[in-house]
Amino acid sequence: METQKQGICGLCYHSPGCGVNVHFDEHGKIKKLTPDPDAVMGSVLCPMADSARQIIYSESRIKQPLKRKGPKGKLDFEPISWDQAYEIIAEKMGEIKAAHGPEALGFYAGTGTYERAFKDAFQLGGSEIYLASSILFPYGSPNTFGVGAPCYTSLGVLAPKLTAGCLHTDMFSDVDNSDLIIVWGTDPSTSTPPEMFVRLKRAAEEGARIIVIDPRQTASAKLSESLWVPIRPGSDGALALGLCHILIRDELVDQAFIEDWTLGYDEFREYVRDFSPEVVSEISKIPVKTIEFLAEEIAEAEGASYVMYTGLEYTKSGVQSIRAVMVLWALAGQLDVEGGRCFVPPKNQIHLNKDHQIKTPSYESSIGGDHFPVYAHFCGGEPHANRLPKAILESDPYKIRGLFILGASILTSWPNPVLWQEAFNALDFMVCADLQLTRDAAWADIVLPAATSFEQSSYCFYGNAVRLREKMIDPVGESKSCFSILIGLAHKLGYKDKFPENEMELLDWSLSGTGITRNDLEQAPRHTVRLDPEPMTYRKWETGHLRKDGRPGFETPSGKFEINSTQLKEMGYEGLPKYEESYETPISQAKLTNRYPLILGTGPLKPDMKSCLRAVPDFMEKYPHPTVQMNPKDAEARKIISGDPVVVKTARGNVEMRALVTEDIMRGYVYAPVGGGGPQGTETWRKANVNVLTDLEQFDPISGFPVYKTLLCQVKKKRRRRTIVVQDPTLGCVG
């Protein structure tokens, strides 16, 4: 008999957790998921939800701990017990510590660890958000790393903290009341959670203008009355500065805000004098009339908001470009007004207790000391992960000898996978834990089976609401949640008292001081407690609602909205949001365009979680091959049609893909998906690791983020010989 139960989706951790109805078959297995509109974030589900059964019960799931049997680089393992796995790990950790010190061991946490209980248990003490795990701190190692090093932190932490003294999540775009919405460098139709695109559709239907600034014509640009503004990748910061130039030139700025609440406006005004519409048009390839139109639209809108993400992060000026957009909104008078970019009322957030979180034993002694100080300052002293290969291979500043990778696939997410493979090969010991075997696992000595969130009890946090996550099914095989894996390790290493015993004990710790108890959650409908929302007020800096001390202003060192950032200057960076051309563009490397005339951008292909779901039959059926999107004009010049095998080349390497010729991408730009190169999926996906095209030495000097969006490339049709012939040695020098 089929049954159903209300729960929380457990497929991805890119959102707090969408409310779902979980349907079970007659054997008690999850059959499908449907929306639960009465739950928090339950009105719409992303396409991954349609493949829930295939993901949870995949034949590729790791079902028990594994020990290396064959050579490194091969997925050759034998099964062992959890006790044996913990025994081997503890023994190796002890050997490394005794011979080389605790700092010779590192830990890398990926998006697979973004389940809320795990985040709250292992967030680094003093970090603004969860990025990496503190599990090695009692062991004595400061060398913990996380996926925040190549993703989200620029937008989510650094830019807003440096400028307005808050996190990205302390703000929101009031798209439900906006009459102008700028979708800038992101595609809400493929993002998780998917609710934003539904809100954009509704806004467009109700008469709001949607403007999409992106090299690709996404679904948002096809909404009613929407406008697509193609932009040369990496020039977003220049456009933002050019729009500021027009606002200042035409006296369309919020003068009262500038005079009373900003730091550095005069210097900024002088700097943007050089960013005339004509200059910015040359940089961005956007017509002058369009640039003038954008500035007028933003200034004159009765509520303008933006939706923004990775398109701005992955360039040399990523943090500064995001800051430039924030400054643009402030100058236009669209900051904290109805329909604008607003601050969340503090009383509309539940502030979970973090007193139990452990601080780094010593950032200065980590491999990241003296590198990326802004990142480390806001991220609890986390050393940047792009320093790992140098530490392992060059002992810079000393050698990392062991590495634990949890819920991540470094070789399919970071630039230069060949270098990372060399680094993995040079390690004395390595552990991987995940749902499936990753490419990284081929170098692991021990592999541990992780569970989905359907297989554990926990809780989810939604800003003004907390909900218990009920376990829907027993773990598949001997898999364990990431939380349980590390708590078991802490027990084995003798410091179990440093962490909560289980998720419910952690929940009690986290709720301490909030006025909410676990019993409240257990008794509440859908096990959810929400705060009654405080009436919305605006321009909160005037009333002391943005500072912890209750004084007017912003939570920045100056108390002002810092156009010229105090902290950036103190740490040796430029304080103004200045634009800098990326390392490898048609402007900065004009000579390269002879060989590489196209601009390459890389990013996700939804629905997926990068390399995690390549083995899902639904995905393989719909996307049997990795495809590179290109404009018809570029394809015609190369005699390429959709479906043709092609080779994408950069100065670093090449990958084979299939062409997808479409008008939905601007001329001169191509887009290739990440997630290939792992051991899962079709043969063409397994061979197509787009990161062989990228460069670990190209990064934003503030955030350390890799440059994924502005690389020069060439796309050529793949030539195929009909036969393969062994060379005849009798030909000699004649051949």
Side-chain angles (χ1 to χ4, degrees), residues 160 163-164 168 171-186 188 196-197 199-214 218 220-231 236-237 239-258 261-262 272 275 277 280 284 286-309 311-312 321-344 536-542 561 563:
T163 311
H168 181 71
M171 304 182 75
F172 69 97
S173 289
D174 190 16
V175 298
D176 298 320
N177 294 305
S178 303
D179 67 358
L180 173 67
I181 304 167
I182 307 290
V183 180
W184 201 331
T186 189
M196 177 56 77
F197 186 64
R199 294 168 66 193
L200 288 177
K201 289 174 64 177
R202 183 170 63 244
E205 291 165 358
E206 294 174 353
R209 164 61 68 86
I210 312 292
I211 299 178
V212 176
I213 303 173
D214 201 294
T218 62
S220 300
K222 298 178 182 180
L223 296 174
S224 176
E225 301 300 318
S226 293
L227 173 67
W228 176 35
V229 180
I231 184 172
D236 307 86
L239 175 60
L241 295 172
L243 296 174
C244 290
H245 169 102
I246 296 171
L247 297 188
I248 295 170
R249 181 199 69 190
D250 296 347
E251 298 183 349
L252 297 173
V253 297
D254 184 346
Q255 196 63 42
F257 177 79
I258 289 168
W261 302 108
T262 65
V272 299
F275 287 83
V280 172
S284 67
I286 299 173
V288 169
K289 287 184 178 180
T290 303
I291 295 170
E292 295 275 6
F293 169 78
L294 285 172
E296 182 179 343
E297 285 285 290
I298 294 170
E300 299 298 332
E302 295 296 325
S305 61
Y306 62 74
V307 181
M308 191 166 63
Y309 196 14
L312 279 75
S321 294
I322 297 166
R323 293 187 65 234
V325 175
M326 296 181 67
V327 172
L328 169 63
W329 248 252
L331 297 190
Q334 300 292 359
L335 184 64
D336 211 31
V337 297
E338 185 175 0
R341 181 68 181 167
C342 300
F343 294 97
V344 178
M536 187 65 181
T537 60
Y538 298 103
R539 297 178 70 90
K540 298 178 189 65
W541 57 84
E542 297 177 340
F561 183 90
I563 300 174

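Just so you know, these numbers use all the heavy atoms, side chains as well, and skip hydrogens, waters and symmetry mates. Keep in mind the model is a prediction, meaning the values are calculated, not measured.
In this structure, Ala299 and Leu247 approach most closely via the heavy-atom pair CB-CD2, 3.6 Å. Closest approach of Gly303 to Gln334, counting heavy atoms only: CA-OE1, 3.6 Å. In this structure, Ile246 and Ala295 approach most closely via the heavy-atom pair CG2-CB, 3.6 Å. Taking all atoms of both residues into account, the shortest heavy-atom contact from Ser220 to Ile210 is O-CG2, 4.0 Å. Scanning both residues, Val307 and Pro188, for their nearest heavy atoms gives CG1-CG, 4.1 Å. Residues Ala164 and Met326 approach most closely at CB-CE, 4.2 Å, considering heavy atoms.
Annotation: the span from Leu200 atom CG to Asp176 atom CG amounts to 9.5 Å, rounded to 0.5 Å. The line from CG of Leu335 to CG of Asp254 is 9.0 Å long, rounded to the nearest 0.5 Å. Leu241 CG to Ser321 OG: the interatomic distance, rounded to the nearest 0.5 Å, is 7.5 Å. Annotation: the span from Phe257 atom CZ to Glu542 atom CD amounts to 9.0 Å, rounded to 0.5 Å. The CD1 atom of Ile182 sits 4.5 Å away from atom CD1 of Ile298, with the distance rounded to the nearest 0.5 Å. In this structure, OG1 in Thr290 is found 11.5 Å from CD in Glu297, a value given to the nearest 0.5 Å.
A donor atom on one side chain and an acceptor atom on the other are not found under 3.5 Å apart for Arg341 and Ser305. Between the side chains of Asp236 and Trp184, at least one donor N or O sits under 3.5 Å from an acceptor N or O.
By the 4.5 Å heavy-atom criterion applied to side chains, Glu300 and Leu180 are not counted as neighbours. Ser173 is not listed as a side-chain neighbour of Arg199, based on a closest heavy-atom distance of 4.5 Å or more. For the pair Asp336/Met171, no side-chain contact is recorded, criterion being any heavy-atom separation below 4.5 Å from C-beta on. At least one side-chain heavy atom of Ser284 sits under 4.5 Å from a side-chain heavy atom of Ile291.
The six-membered or imidazole ring of Trp541 lies away from that of Phe561, with a centre-to-centre distance of 6.0 Å or more.
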Handout entry: Chi angles and distances behind the side-chain contact (heavy atoms from CB on, under 4.5 Å) call for Tyr306, Leu328
Key = CA-CA 11 Å; Tyr306 62 74; Leu328 169 63; over 6 Å; no
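Counting heavy-atom neighbours within 6.0 Å of Glu302 CD, excluding the residue itself, gives a total of 12 or less. Residue Glu292 places its CD atom among more than 12 non-hydrogen atoms of other residues, nucleotides or ligands, all under 6.0 Å distant.
Not a single donor-acceptor pair under 3.5 Å links the side chain of Ser224 to the backbone N or O of Ala204. Between the side chain of Trp228 and the backbone N or O of Asp214, at least one donor-acceptor pair lies under 3.5 Å. Judged purely by atom type and a 3.5 angstrom limit, Ser178 uses its side chain to pair as donor or acceptor with the backbone of Asp174.
Residue Cys244 forms a side chain to side chain contact (heavy atoms under 4.5 Å, CB included) with just one option from Leu331, Leu239, Val253, Val325, and that option is Leu331.
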